[in-house]
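The next block holds one structure in the form of structure tokens; read it before the comments.
Sequential numbering from 1 along the given sequence is applied to the chain's residues.
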Amino acid sequence: MKTVFQHIKGDKTIWAIVAILAVFSFMPVYSASTNLVYVVGSGSTLGYLIKHMVLLIMGFAIIYGVHKIPYRYFSGGSVLMLPIVIILLIFTLMQGTVIEGANASRWIRIPFVGVGFQTSTLAGLVLMVYVARYLAKNKEKEIKFKESIFQLWLPVAIVLILILPANFSTTAIIFVMILMVVFIGGYPIKYIGIILGAGILALAFFVLIAKAFPDAMPNRVQTWQNRIENFSDKESKEAYQVEKAKIAIATGGPIGRGPGKSVQKNFLPQSSSDFIFAIIVEEYGLAGGLMVIFIYFLLLFRIFVVIRKTTTIFGTLLVVGVGCPIIFQATINMAVATNLFPVTGQTLPLISSGGTSIWMTCFALGMILSVSASKEETEEDILDDNPLDILHETI
């Protein structure tokens, strides 16, 4: 056991938090999967649990592998990955998957594995690292808006435009997180205001185009509109899900019905992913719900500890850029389940079932642990890295 811990570097509390969330997730996922088995008529509860366990084990392998990589490699690596991500997003959009009449082309199928891969989550991660790299490289310079448009905002705009048609909530989260990172990174506030205004105008233009040519993106804008309207409409499909989630939370009481004894999981269509927090509160009560919230806030606290100890600007911005979205996503998921926010489709990190979300969360955590494990990196070592040199070393 001692030799195992010798190979684990970085913040040990973050390792412990990830392990606790992963182990805790087994029972809610196993319990909630009965909806897919007996209502939808797909697979078996044991099968879903084993799949979830395998995905988490692979996730831990990703964390271990990534945290062993010196974090300076992520700087140049983001430049190499950006064109690959753009190609993947274009390929994903071209698939044109339609679910219940709505354009939901978010996934590509990984050959031989049979797992759907949501390219937008990878794109968001790469984009955050790329933005951190740009800000760190220009920390001593006076940033000129015209230059930053081509070097920073053009790649950001291309990626967000490619994600937007199929996944508005992810686009919004990435955009807000990028604005937060550039603010922390010292990007002039007056320019941030211009970019925010440009983003709102771009969204309005997209909505107008989608309304004018509905066949190009079947019902997508209508889906967003419906979700906002349905937030206050008690008769809608989304309201039905939220109503069942609220019943689950209300009947949970202080200590819950007990593991596996949820009733509302049989009525909630997304009980093992989008609404798993409601199932947790129903089975483990207010105490279980508060414990989950506490663990995520503890993770946020440890992320700030890593930020405080980091000696480089790039390391600081990297941890902010990949760490805060995890907490933000968890907050949105719990806000949806408690009817504080419209339905978005965001999962609960490391607890909800699903492949891509688990892996990308683990990749982000691996990056944070790599930063926390590093003691000797300097800004010059990181920013002098040529992306082509990194590719040569890797090969």
Side-chain angles (χ1 to χ4, degrees), residues 14 17-36 48-49 51-53 55-56 58-60 63 106 116 118 120-121 124-125 167 169-170 172-174 177 238 241-242 244-246 248-249 252 256 259-260 262 264-265 268-300 302-303 322-365:
I14 292 178
I17 290 168
V18 174
I20 289 167
L21 286 172
V23 172
F24 174 76
S25 73
F26 293 160
M27 277 307 294
V29 167
Y30 180 66
S31 174
S33 64
T34 55
N35 175 278
L36 295 168
Y48 283 111
L49 176 62
K51 180 183 177 182
H52 182 66
M53 290 175 72
L55 290 170
L56 279 171
M58 291 172 71
F60 270 91
I63 294 176
R106 305 179 184 184
Q118 194 169 340
S120 58
T121 54
L125 203 59
N167 200 336
S169 60
T170 299
I173 289 172
I174 294 171
M177 289 293 107
E238 270 83 7
Q241 294 183 77
V242 172
K244 294 300 177 187
K246 286 162 71 177
I249 291 168
S262 166
Q264 298 308 316
K265 66 187 178 185
L268 268 169
Q270 303 293 334
S271 57
S272 62
S273 52
D274 297 4
F275 287 93
I276 198 164
F277 183 70
I279 305 303
I280 289 170
V281 177
E282 185 181 7
E283 294 189 347
Y284 300 91
L286 180 64
L290 290 175
M291 183 57 67
V292 170
I293 294 169
F294 171 75
I295 292 170
Y296 281 116
F297 271 102
L298 183 59
L299 177 59
L300 179 63
R302 294 310 302 180
I303 286 170
V322 302
C324 290
I326 297 173
I327 311 302
F328 197 53
Q329 184 181 328
T331 305
I332 289 175
N333 176 279
M334 292 184 281
V336 168
T338 51
N339 199 27
L340 296 174
F341 210 75
V343 176
T344 61
Q346 296 296 323
T347 56
L348 194 57
L350 294 172
I351 293 181
S352 293
S353 61
T356 315
S357 58
I358 291 173
W359 293 343
M360 290 302 105
T361 300
C362 289
F363 206 104
L365 289 165

Worksheet entry | Contact list for residues 327-338, test side-chain hydrogen bond (donor to acceptor under 3.5 Å, both in side chains), sequence neighbours left out | Q329-T347
Which heavy-atom pair separates [X] from [Y] by the least distance, and what is that distance?
X    : Y    : value
A278 : A337 : N-CB, 4.2 Å
G124 : I174 : CA-CD1, 3.5 Å
I326 : P349 : O-CG, 3.5 Å
Y48  : S33  : CB-CB, 3.7 Å
A19  : F60  : CA-CZ, 3.7 Å
L365 : V18  : CD1-CG2, 3.6 Å

Discussion item. If the condition is ring-ring contact (aromatic ring centres under 6.0 Å, His included), which residues does Y284 pass it with, not counting sequence neighbours?
Written reply: F24
Worksheet item: So do V322 and L125 actually touch side chain to side chain, heavy atoms under 4.5 Å?
Response: yes
Fill in: Flag side-chain contact, heavy atom, 4.5 Å: I358 against H52
yes
Fill in: All side-chain hydrogen bond (donor to acceptor under 3.5 Å, both in side chains) counterparts of E283, not counting sequence neighbours
S31
Worksheet item: Once you round to the nearest 0.5 Å, how far does SG of C362 lie from CE of M58?
Response: 10.5 Å
Going by the side chain to side chain contact (heavy atoms under 4.5 Å, CB included) test, name the single residue among [options] that passes it with [X].
X    : options             : result
F275 : L348, V336, I280    : V336
Y296 : L298, V292, L300    : V292
S25  : L56, L49, I20, I276 : L56

Worksheet item: Do other residues, nucleotides or ligands put more than 12 heavy atoms under 6.0 Å from the CZ atom of F297?
Response: no
